[in-house]
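Just so you know, these numbers use all the heavy atoms, side chains as well, and skip hydrogens, waters and symmetry mates. Throughout, residue positions are numbered sequentially from 1 according to the sequence presented.
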Amino acid sequence: MAYSELQVPDTAQHYLVCGFEDCENNCLFYCNPCHQPLCEQCRDKHEKSPDTRNHEVVSYRHRKNQLPVEKCRDHPTKDIDILCDECNVPLCSKCSTLLVHKGHSFTDLETIYTEKSVTCRQKIHKIQAYFIPTAKRLQGEIKLYATEITKIMDSIRTFMRDEAKSLKTLVDEVTSDNIEQVNKMEGSIWKMLHSQHKTYHDYICYLDDLVKKFHGYLSSTQLQNNPIIFPLTEHLTIQSIPDTATPIPPEFTAGRYSKEDVVKLLGRITVPQTKPEKTNLKAMEIASTHIKPTGKQMREGRENSDVKQTLSLSSSVTKVREYGVPGVDRIQHITLGKSSSLWVSDYCSNIVQTDQKGNQLQRIHTKDGRYVGNLTITQDGDLIYTDKHNNIINRITLDNTITEFIKTGDWTPLSIHSSRTNGDNLLGMIKEGKGKVTRYNKTGKEIQNIERDNKGQELYSYPHYITENINGDICTSDLIKQAVVVVKKSGQHRFSYTGQGSEFYPRGVCTDRLGHILMCDIYSNTVHLLDQDGQFLCLLLKQQQGAWSPCSVCVDDEDNLIVGQWKTNTVTVYKYLQ
């Protein structure tokens, strides 16, 4: 697409048309006096013309900006075009002859305007490239923090209720035990009282019978054999009153507690004394590189775990080492393991771990000779890989035991990446000519599916390789779409990169600590480098530099680029950052 001079965006790839008559060739030059963009042929004509042979023609990037036309108030026929250095006021050329400006020096206003315009454009670029994206990122983080705070508060409230329920359960249990003891004591006392009540009932009956008996003695008309005339000791003996015991009821000692005691039991909510940390803003840094003179400003250095270090592109790419991986045929995929070891899979059933010099540390031949696809290392240190013939993700634990981890149903898994930030597992899969990216958590539970953009268009056809960038973006190389598709963590499409030529067949893709996106192109035998916003920076490696059949890439802990070849078992390590 061609742009007029005033429509040219600051950062996009574009071209300008020549402004000479009806010429539509690409503009490369600029006539400062005429303020006219020129192609190469029109430039030659312009410089040969008697009327314009003395005009200043420069490359387009060194053009002067055309001054806004403004007439002088004192000399209405003249344009304001100079600046008085002493008075710091814009003037026309006729004003410079006035007595008030006698002996003063003057500067071409167009030159000043051009310089200030460049500064203004730089400021605009900084705002658009750094300040606005950073502010939006921080604004998005605030929303995430708000959601996270709500989750935290909800969990605290739930925990408080659970604690209260637990304590209530204990209170109910203790109360129930105490009541049960009271019931048992009450039963025992009632039993004792009932026994004593019966004893007195029997004793009273005995006394009633004894009274009746004595009355009989008194009312008898017979003297013979009447006990009354005989000694009454035996007959008048009365049994003593039975002994009884007064029951003693239990006593209840009330618990002595306060609100503070309950707080100790249920817990207390406290506010940390530490002050909120200020947001760590990543500085906007400019890195110069001679790999390709794009003038691109490289930003956002990343803080290492222990030491802050600023990285930038080196002036050249240097081969560090190269070695063949014993035990594999042609390299399918490489991924970084612990202690900078390298895991390599081939197109058969072999998985090999090597050290930094290519020495084999271990070799795993998958069970039943199953096909090995892409692989990755989890946060727990386990190796997981795709088995596209059985639609399974297998796990290899530290003791080399192979188990089934995830079953993908009727979707065939192609690519896999385990996040170093949260442990999620990203899978690129296909089914019946359609593709998707699915996110699984650490336990293998499916939590997200990404298939279409916001217009309903399918994002993927053959998501062959996949990785995650430092900002959470998911980067996927799609062999059929001939593109590297980048979506946000939420699944929203950000951009797609389709290479620099007519044909582009991306394979392996990885990112580095600066957010660069690196990808292999097996068509042109090159490795491309983008920034995290999709801006093409350079062809980092070409076939002349050893990028022969590059298939898979990763970046090690020393910020070296590791490239695996799909036609051989060769791995090459390059230094490209400084």
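Between P33 and E56, the shortest heavy-atom contact is CD-O, 3.5 Å. Taking each heavy atom of L426 and E468 in turn, the nearest pair found is CD1-CB, 4.3 Å. Across every non-hydrogen atom of R513 and I470, the tightest pair is O-CD1, 3.8 Å. Contact record, V563 with L541: CG2-CD1, 3.9 Å, taken as the closest heavy-atom pair. In plain terms, the two heavy atoms of I466 and G428 that are nearest each other are CD1-N, 4.4 Å. Between T114 and R63, the shortest heavy-atom distance links the atoms CG2-O, 3.6 Å.
Using a distance-only test at 3.5 Å, with no hydrogens or angles considered, a donor-acceptor pair links the side chain of S419 to the main chain of T421. At distances below 3.5 Å, at least one donor-acceptor pair connects side-chain atoms of D478 with backbone N or O atoms of S461. Side chain of N525 to backbone of S549: a donor-acceptor contact under 3.5 angstrom is found. Of the possible donor and acceptor atoms, one in the side chain of D556 sits under 3.5 Å from a partner among the backbone N and O of D559. Under the 3.5 Å distance criterion, the side-chain polar atoms of K575 are matched with a main-chain donor or acceptor of E558. Here the side chain of T354 pairs no donor or acceptor atom with the backbone of N359 at under 3.5 angstrom. A donor-acceptor pair is defined here as one N or O able to donate and one able to accept, closer than 3.5 Å; no such pair exists between the side chain of S418 and the backbone of N425. A donor-acceptor pair under 3.5 Å is absent between the side-chain atoms of D79 and the main chain of V69, judged by distance alone.
When each of V553, N374, I562 is checked for a side-chain contact (heavy atoms from CB on, under 4.5 Å) with I334, only I562 meets the rule. When the options R439, H417, Q379 are evaluated for a side-chain hydrogen bond (donor to acceptor under 3.5 Å, both in side chains) with D424, the one that passes is R439.
For CD of E503, the number of neighbouring non-hydrogen atoms (other residues, nucleotides, ligands) closer than 6.0 Å is greater than 12. For R420, the CZ atom is loosely surrounded, since the number of other residues' heavy atoms within 6.0 Å does not exceed 12.
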Under 3.5 Å, which donor-acceptor pairs link side chains of residues 81-99 to any protein atom two or more places apart or in another chain?
{"unit_1": "D85", "atom_1": "OD1", "unit_2": "T107", "atom_2": "OG1", "d": "2.8"}
{"unit_1": "D85", "atom_1": "OD2", "unit_2": "S105", "atom_2": "OG", "d": "2.9"}
{"unit_1": "D85", "atom_1": "OD2", "unit_2": "T107", "atom_2": "OG1", "d": "3.1"}
{"unit_1": "S96", "atom_1": "OG", "unit_2": "S93", "atom_2": "O", "d": "2.5"}
{"unit_1": "T97", "atom_1": "OG1", "unit_2": "K94", "atom_2": "O", "d": "2.6"}

Throw together a table of side-chain donor-acceptor distances under 3.5 angstrom for residues 484-497, partners on residues two or more places apart or in other chains.
{"unit_1": "H493", "atom_1": "NE2", "unit_2": "F495", "atom_2": "O", "d": "3.3"}
{"unit_1": "H493", "atom_1": "NE2", "unit_2": "S496", "atom_2": "OG", "d": "2.9"}
{"unit_1": "R494", "atom_1": "NH1", "unit_2": "D473", "atom_2": "OD2", "d": "2.6"}
{"unit_1": "R494", "atom_1": "NH1", "unit_2": "Q532", "atom_2": "O", "d": "3.1"}
{"unit_1": "R494", "atom_1": "NH2", "unit_2": "D533", "atom_2": "OD1", "d": "2.8"}
{"unit_1": "Y497", "atom_1": "OH", "unit_2": "Q500", "atom_2": "NE2", "d": "3.1"}
{"unit_1": "Y497", "atom_1": "OH", "unit_2": "H528", "atom_2": "ND1", "d": "2.8"}

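For the side-chain hydrogen bond (donor to acceptor under 3.5 Å, both in side chains) test, no residue two or more places apart in sequence or in another chain qualifies with K45. For H75, the ring pair (Phe, Tyr, Trp, His ring centres under 6.0 Å) test picks out no residue, with sequence neighbours left out. Here K431 pairs with D410 under the salt bridge (Lys or Arg N to Asp or Glu O under 4.0 Å) rule; sequence neighbours left out. Considering only residues two or more places apart in sequence or on other chains, Y460 meets the ring pair (Phe, Tyr, Trp, His ring centres under 6.0 Å) condition with none of them.
No side-chain N or O of Q36 forms a donor-acceptor pair with one of H55 less than 3.5 Å apart. Defined by atom type and a distance below 3.5 Å, a donor-acceptor pair is missing between the side-chain atoms of N32 and K64.
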Between L313 and H516, does the side-chain contact (heavy atoms from CB on, under 4.5 Å) criterion hold? Intermediate values first, please. CA-CA 10 Å; L313 287 174; H516 293 138; 4.2 Å; yes
Show, in sequence, the C-alpha distance, side-chain angles and deciding distance for Q578 and S312, and conclude whether the side-chain contact (heavy atoms from CB on, under 4.5 Å) test is met. CA-CA 6 Å; Q578 63 183 5; S312 62; 3.5 Å; yes
Would you sort out whether E458 and R452 count as a salt bridge (Lys or Arg N to Asp or Glu O under 4.0 Å), showing the intermediate values? CA-CA 4 Å; E458 293 181 352; R452 299 178 182 274; 3.7 Å; yes
Give the intermediate values and the outcome of side-chain contact (heavy atoms from CB on, under 4.5 Å) for residues C551 and Y465. CA-CA 10 Å; C551 178; Y465 290 81; 3.1 Å; yes
In sequence, state the C-alpha distance, the side-chain angles, and the governing distance for L144 and E148, and then conclude on side-chain contact (heavy atoms from CB on, under 4.5 Å). CA-CA 6 Å; L144 294 177; E148 190 65 25; over 6 Å; no
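Taking the six-membered ring where the residue is Trp, F106 and H104 present tilted rings, their angle falling between 30° and 60°.
With values rounded to the nearest 0.5 angstrom, D355 atom CG is found 8.5 Å from S341 atom OG. Summarising the geometry, atom OG1 belonging to T77 is positioned 7.0 Å from atom NZ belonging to K71; distances are rounded to the nearest 0.5 Å. If you take CZ on F504 and OG on S524, they are separated by 8.0 Å, rounding to the nearest 0.5 Å. How far CG of L336 is from CG of N560: 10.5 Å, rounded to the nearest 0.5 Å. Here CD1 of I331 is found 8.0 Å from CG of L342. Values are rounded to the nearest 0.5 Å. Rounded to the nearest 0.5 Å, atoms CG (L67) and CD1 (I80) are 9.5 Å apart.
Side-chain contact between C18 and Q41 is absent, with no heavy-atom pair separated by less than 4.5 Å. Taking the side chain as every heavy atom from C-beta outward, H35 and Y30 approach each other to under 4.5 Å. At a threshold of 4.5 Å between non-hydrogen side-chain atoms, the residues K143 and T147 do not count as touching. Contact of the E141 side chain with the R137 side chain is registered, since non-hydrogen atoms from C-beta on lie closer than 4.5 Å. Side-chain atoms of Y523 and T526, non-hydrogen and from C-beta on, never get closer than 4.5 Å to each other. Looking at heavy atoms from C-beta onward, L28 lies out of side-chain contact with Y60 at the 4.5 angstrom threshold. Residues V527 and Y574 fail the side-chain proximity criterion, which asks for heavy atoms closer than 4.5 Å. Taking the side chain as every heavy atom from C-beta outward, W548 and Q543 approach each other to under 4.5 Å.
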